[in-house]
Protein chains: 2
Amino acid sequence: MKEFLKTKGFKMTPQRELIFRSFFEMGKHVSVEELYDKVHQKDRSIGYSTVWRNLKVICKVGLAEEVNLGDGVTRYDRVTREPHGHLFCQNCKRLIEFDIHAVLPYLVETGEEKNFRADSFKIEITGLCEDCQAMENKKNERLH
Amino acid sequence: MKEFLKTKGFKMTPQRELIFRSFFEMGKHVSVEELYDKVHQKDRSIGYSTVWRNLKVICKVGLAEEVNLGDGVTRYDRVTREPHGHLFCQNCKRLIEFDIHAVLPYLVETGEEKNFRADSFKIEITGLCEDCQAMENKKNERLH
DNA sequence: TTGCAATTGAATATCGTTTTCAATTGGCCG
DNA sequence: CGGCCAATTGAAAACGATATTCAATTGCAA
């Protein structure tokens, strides 16, 4: 990791080490605040802006990318080899991934038709996840 | 329009009339600031928060929806009968629409597979539009 | 016309993101 | 090893868009 960062023009520090490690432990769709909470538990001297900056660094070196769902919070999603879309539950904010291989060719073609050079694709489906639908049903039962 | 609003529990006012009218004249992908500029030209007494609130009202009554592209600005997109995706040029911020009918069945099915109740779909392709690609090419030529 | 809830404009609060600044530190070079 | 310089850090503050507050006004149903 240290060598990898060097090739990108970044140094390794204890804080960066901890922040990177924590981010990759947490998996996907992490917000600055969530990561800060986790990191701060382990080392109470690490500041919020350091966590924020390092999430940007993780993106700059290509290990993650920003995800925006319109709820005002930027999340950072670990870049995987597999392109995927998101099912975003409006109620519990859960983010579920799904495969978008099947539609990518169509999207690329669509861009080309309009002479648009596509760099990245995002597909977000908003709605209610299974659990929240169940909750909603219960609530409705009680009303009757 | 007045009657329609009434059924939704809203009143009509001169300000609202002007804001609604301006929004629908402007077409698509309007930010609060853009709409405020336009409205303020016509009636300098209308405040920013009134414009903001009325964009929310337009969404609440189902005539528009918020679009978020990760550049920190919420845009309001007139709801059309035709579902569409967006080509978003990172350079000039232009937003080009494209038809997503072909992929909707796949997306619905994907949600259902995971017992997810889909309410809305967003497909955003980020990259460079035709014009900005041309500019980029020119810039590269000059460098050689 | 009257009453009341909805609406408005200005100001301010909020909140996530981003920058500033002085102090510290990693890592290259001699 | 020791010194140097750019990168990094933490705290605080700046920023910018969104959202709320409040007193005054206004739509509209009765």
Side-chain angles (χ1 to χ4, degrees), chain A residues 1-23 29-37 39-61 64-77 93, chain B residues 1-23 29-37 39-61 64-77 93:
Chain A
M1 188 74 250
K2 187 176 167 182
E3 288 309 310
F4 172 71
L5 280 179
K6 202 192 295 178
T7 68
K8 305 276 185 176
F10 294 101
K11 294 175 179 173
M12 182 50 87
T13 67
Q15 295 94 330
R16 179 160 290 167
E17 166 85 32
L18 178 56
I19 291 168
F20 273 50
R21 194 175 296 283
S22 300
F23 175 73
H29 322 125
V30 181
S31 68
V32 182
E33 202 173 358
E34 284 164 358
L35 185 56
Y36 172 72
D37 286 346
V39 167
H40 197 246
Q41 279 186 337
K42 298 182 184 168
D43 182 343
R44 309 210 49 212
S45 73
I46 296 183
Y48 186 93
S49 44
T50 299
V51 174
W52 178 81
R53 278 185 287 231
N54 273 294
L55 275 170
K56 293 287 182 185
V57 170
I58 293 175
C59 291
K60 280 181 194 160
V61 301
E65 54 190 20
E66 301 190 347
V67 182
N68 232 292
L69 295 134
D71 65 345
V73 181
T74 303
R75 278 160 230 280
Y76 295 81
D77 194 7
K93 313 299 182 194
Chain B
M1 189 74 249
K2 186 175 167 182
E3 288 308 310
F4 172 72
L5 280 180
K6 202 191 296 178
T7 67
K8 304 276 185 175
F10 294 101
K11 294 172 180 174
M12 182 50 86
T13 68
Q15 295 94 330
R16 178 160 291 164
E17 167 86 30
L18 177 56
I19 292 168
F20 273 49
R21 194 174 296 282
S22 301
F23 175 73
H29 324 126
V30 182
S31 68
V32 181
E33 203 173 357
E34 286 164 357
L35 184 56
Y36 172 72
D37 286 346
V39 166
H40 197 246
Q41 279 186 337
K42 299 183 185 169
D43 182 344
R44 310 208 52 211
S45 73
I46 295 183
Y48 188 92
S49 45
T50 300
V51 174
W52 178 81
R53 277 184 290 229
N54 273 295
L55 274 171
K56 293 288 182 184
V57 170
I58 293 175
C59 291
K60 280 181 194 159
V61 302
E65 54 190 21
E66 300 190 350
V67 182
N68 232 290
L69 295 134
D71 66 343
V73 181
T74 303
R75 277 161 231 280
Y76 295 80
D77 194 7
K93 313 300 181 193

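Chain naming here is simple, since letters A, B, ... match the order of the sequence lines and numbering starts at 1 in each. Only a predicted model underlies this, so the values are computations on that prediction, with no experimental measurement involved.
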*Asks:* On the nucleotide C:dT18, are OP1 or OP2 found under 4.0 Å from the side-chain N or O atoms that A:Trp52 carries?
*Replies:* yes

*Asks:* Name the nucleic acid region contacted by A:Ser45, choosing base, sugar-phosphate or nothing; use a 4.0 angstrom heavy-atom cut-off, strictly under.
*Replies:* sugar-phosphate

*Asks:* What residues form a salt bridge (charged side-chain N to carboxylate O under 4.0 Å, His left out) with A:Lys11, not counting sequence neighbours?
*Replies:* none

*Asks:* Please state how far atom CG in B:Asn68 lies from atom P in C:dG16, giving the value in whole angstrom units.
*Replies:* 15 Å

*Asks:* DNA chain D: B:Thr74 or A:Glu17, which has the more 5' nearest nucleotide?
*Replies:* A:Glu17

*Asks:* Under the side chain to side chain donor-acceptor pair (under 3.5 Å) test, which residues partner B:Asp71, sequence neighbours left out?
*Replies:* B:Arg75

*Asks:* Take the protein atom CD of A:Glu34 and the nucleotide atom P of C:dT17, then report the distance between them rounded to whole Å.
*Replies:* 11 Å

*Asks:* Please report the distance, rounded to the nearest Å, between CG in A:Leu55 and P in C:dT18.
*Replies:* 11 Å

*Asks:* What is the first contacted nucleotide of DNA chain D and what is the last, in 5' to 3' order, if contact means an atom lying under 4.0 angstrom from a heavy atom of chain A?
*Replies:* D:dA6 to D:dA11

*Asks:* What residues form a salt bridge (charged side-chain N to carboxylate O under 4.0 Å, His left out) with A:Lys42, not counting sequence neighbours?
*Replies:* A:Glu25

*Asks:* Could you pull out all residues at least two apart from A:Asp43 that satisfy salt bridge (charged side-chain N to carboxylate O under 4.0 Å, His left out)?
*Replies:* none

*Asks:* For A:Tyr36, what residues pass the side-chain contact (heavy atoms from CB on, under 4.5 Å) criterion, not counting sequence neighbours?
*Replies:* A:His40, A:Tyr48, A:Val51

*Asks:* Using the side-chain contact (heavy atoms from CB on, under 4.5 Å) criterion, which residues pair with A:Thr50? Sequence neighbours excluded.
*Replies:* A:Gln15, A:Ile19, A:Ile46, A:Arg53, A:Asn54

*Asks:* Just jot down the salt bridge (charged side-chain N to carboxylate O under 4.0 Å, His left out) partners of A:Lys93, sequence neighbours excluded, or say none.
*Replies:* none

*Asks:* Kindly compute the distance separating CG (A:Asn68) from CG (B:Leu69), expressed to the nearest 0.5 Å.
*Replies:* 8.5 Å

*Asks:* Work out how much the helix from C:dT1-D:dA30 to C:dG30-D:dC1 bends between its end axes, five pairs an end, to the nearest 10 degrees.
*Replies:* 30°

*Asks:* Heavy atoms within less than 4.0 Å of DNA chain C: which residues of residues 7-16 of chain B have one? Give them sorted by number.
*Replies:* B:Phe10, B:Lys11, B:Thr13, B:Gln15, B:Arg16

*Asks:* I'd like to know whether B:Phe10 forms a side-chain contact (heavy atoms from CB on, under 4.5 Å) with B:Val61, so could you lay out the CA-CA distance, the side-chain angles of the two residues, the decisive distance to 0.1 Å, and finally the verdict.
*Replies:* CA-CA 9 Å; B:Phe10 294 101; B:Val61 302; 3.7 Å; yes

*Asks:* Could I get the full list of side-chain contact (heavy atoms from CB on, under 4.5 Å) partners for B:Lys2, not counting sequence neighbours?
*Replies:* B:Met12

*Asks:* Assign A:Asn54 to base, sugar-phosphate, or nothing according to its heavy-atom contacts below 4.0 angstrom with the strands shown.
*Replies:* sugar-phosphate

*Asks:* Please enumerate all residues that pass side-chain contact (heavy atoms from CB on, under 4.5 Å) together with A:Asp77, with sequence neighbours excluded.
*Replies:* A:Lys28, A:His29, A:Val67, A:His84, A:His86, A:Glu97

